[in-house]
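Have a look at the structure below, then the notes.
Both ligands and their constituent atoms are indexed starting at 1 by order of listing.
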Amino acid sequence: MRLSRFYLPTLKETPGDAQIASHRFMLRAGMIRQQAAGIYAWLPLGLRVLRKIEAIVREEQERAGAVELLMPTIQPASLWQESGRFEAYGPEMLRIEDRHGRDMLYGPTNEEMITEIVRTAVRSYKQLPLMLYHIQWKFRDEVRPRFGVMRGREFLMKDTYSFDLSPEAARKSYLKMFVAYLRTFERMGVRAVPVRADPGPIGGDLSHEFVLLTENGESEVFLHEGLADLPAPPADTDFDSDLEPLFEERTALYARTDEMHDEALWAEVPEEARVTLRGIEVGHIFYFGTKYSEPMNARVQDADGKDTPLEMGSYGIGVSRLVGALIEAHSDEDGPRWPIPVAPFHCGIVNLKAGNAETDAACEALCAALEAQGVEVLYDDTGDRAGEKFARMDLIGLPFAVTVGPRGLKEGKVEVKTRSTGEKAEMAPDAAAAHIAEAVRAALMVR
Ligand code: ATP
Ligand code: MG
């Protein structure tokens, strides 16, 4: 992609109301533009990151056996009257009236709608287990929208719903999602730790928040530091095998949100292993039994022909929040340092003398060589000053930047900068392309 034909409205000044790095960088790098409090337009650069996150989420959902569908953003109030949540939900719900005076709402979540969809078609235990998910915009009229896309009012969420015959079977579905989540975040170049969360009225141990540990996080978490060192389960994990040992390994170590913090249990954690950190909630998984299936009458027949309400769970990931969260986890004073799997482009090319026949030809050849090997390139072919081009590259945070200038070319060299380490190396254009393509290939390999 040539920068001259792309749309990248970067800002020199830091917008006044942006309090944290990710919000500032997203505005300055031309990733988003605010339209109202907590409501953003996704500009081309930001959208590319959002789509990459979505793709990873989708792949890992499918691997775990969930099936995609798409529910609408607007819902009829009648569904929520059935579950009893229409009144209970409060002012976070955006209520709308259509021209016929019917009560509608912009969905903050989809438990009611998915229950309605499933109840008419799923009647027998033979159709279970079932996991359905979608990736759709939600609206919550948050009291304090802030930190850009991290706490927006309109935001993109992946939400999965599981349906089972018994609590034991529902636990199996929960464990599948638990493992899928560990893999999902790891593939984005971060480790989100599962933290025991408030299970709500049903009790039990089946509610976890996945927290990305960063200084600016909104939540406080208490954890055994060993938890952050456990790597994600591999891609060849059999989701139909017994996942209890894996779950046990992750949940044996103390990890609680501040609401769930337990001083007595905390005292049992060796003092040197206790850490209190801040983090960003990027996912939340939840088993809630028959909370919706009971009032909404979603029932199946078991093997003995007995009618039983479906056992359900729901599993959310904050897709748009992750764009900000990943920047919080990976950035320096100049901008984000995108991990390769979620970077908007893998590599930038800076032409130091656009319009010069040699540098133009070298840049174009390099673009072609990289793209032929699956590397996504943003080629700065503009006539802007060199300093401006370098600052812009750092601000958009692509994993690699290749600088091509007339002086280097005379010696047959270009300069390759690795954004994550700041390292610079001179090499022949062919070698640069091979080096970058290899790094990208390795980073995109699913393990
Ligand atoms: P929070 O405690 O941060 O308000 P929540 O418990 O209300 O989150 P869930 O209902 O579990 O969130 O939603 C699933 C995921 O959606 C959350 O883990 C989070 O990553 C994301 N999310 C929730 N609210 C917002 C928001 N206002 N803006 C962006 N992402 C959000
Ligand atoms: Mg909330």
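Remark: among candidates Met157, Arg321, His284, the nearest residue to atom 13 (O) of ligand 1 is Met157, based on non-hydrogen atoms.
The aromatic rings of Tyr174 and His208 are tilted relative to each other, their planes meeting at an angle between 30° and 60°. The aromatic rings of Phe139 and Tyr106 are tilted relative to each other, their planes meeting at an angle between 30° and 60°.
Of all the heavy atoms of Val149, the ones lying under 4.0 Å from any atom of ligand 1 belong exclusively to the backbone. When heavy-atom distances to ligand 1 are checked against a 4.0 Å cut-off, Arg151 comes that close through both its backbone and its side chain. Of the heavy atoms in Glu218, none comes closer than 4.0 Å to ligand 1.
Assignment of Glu209 to the shell around ligand 1 is not supported, since no heavy atom sits closer than 4.0 Å. Residue-ligand proximity: Ser320 is placed with every non-hydrogen atom at 4.0 Å or more from ligand 1.
Taking the six-membered ring for Trp, Trp266 and His261 have ring centres closer than 6.0 Å. In this structure, His284 has its ring center no closer than 6.0 Å to that of Phe210. Centroid-to-centroid, the aromatic rings of Trp137 and Phe155 stay 6.0 Å apart or farther.
Distances between N or O atoms of Arg140 and those of ligand 1 include at least one value under 3.5 Å.
Ligand-side atoms of ligand 1 in range of Gly283: 18 (O), range being under 4.0 angstrom from any heavy atom. Heavy-atom contacts of Val282 reach the following atoms of ligand 1: 18 (O), 20 (O) (cutoff under 4.0 Å). For ligand 1 and Glu142, the ligand atoms under 4.0 Å from any heavy atom of the residue are 24 (N), 26 (C), 27 (N).
Exactly one residue among Tyr379, Phe400, Phe6, Trp338 makes a ring pair (Phe, Tyr, Trp, His ring centres under 6.0 Å) with Phe345. That residue is Phe6.
The pair Glu209-Arg196 fails the salt-bridge criterion, with no side-chain N (NZ, NE, NH1 or NH2) lying under 4.0 Å from an Asp/Glu carboxylate O.
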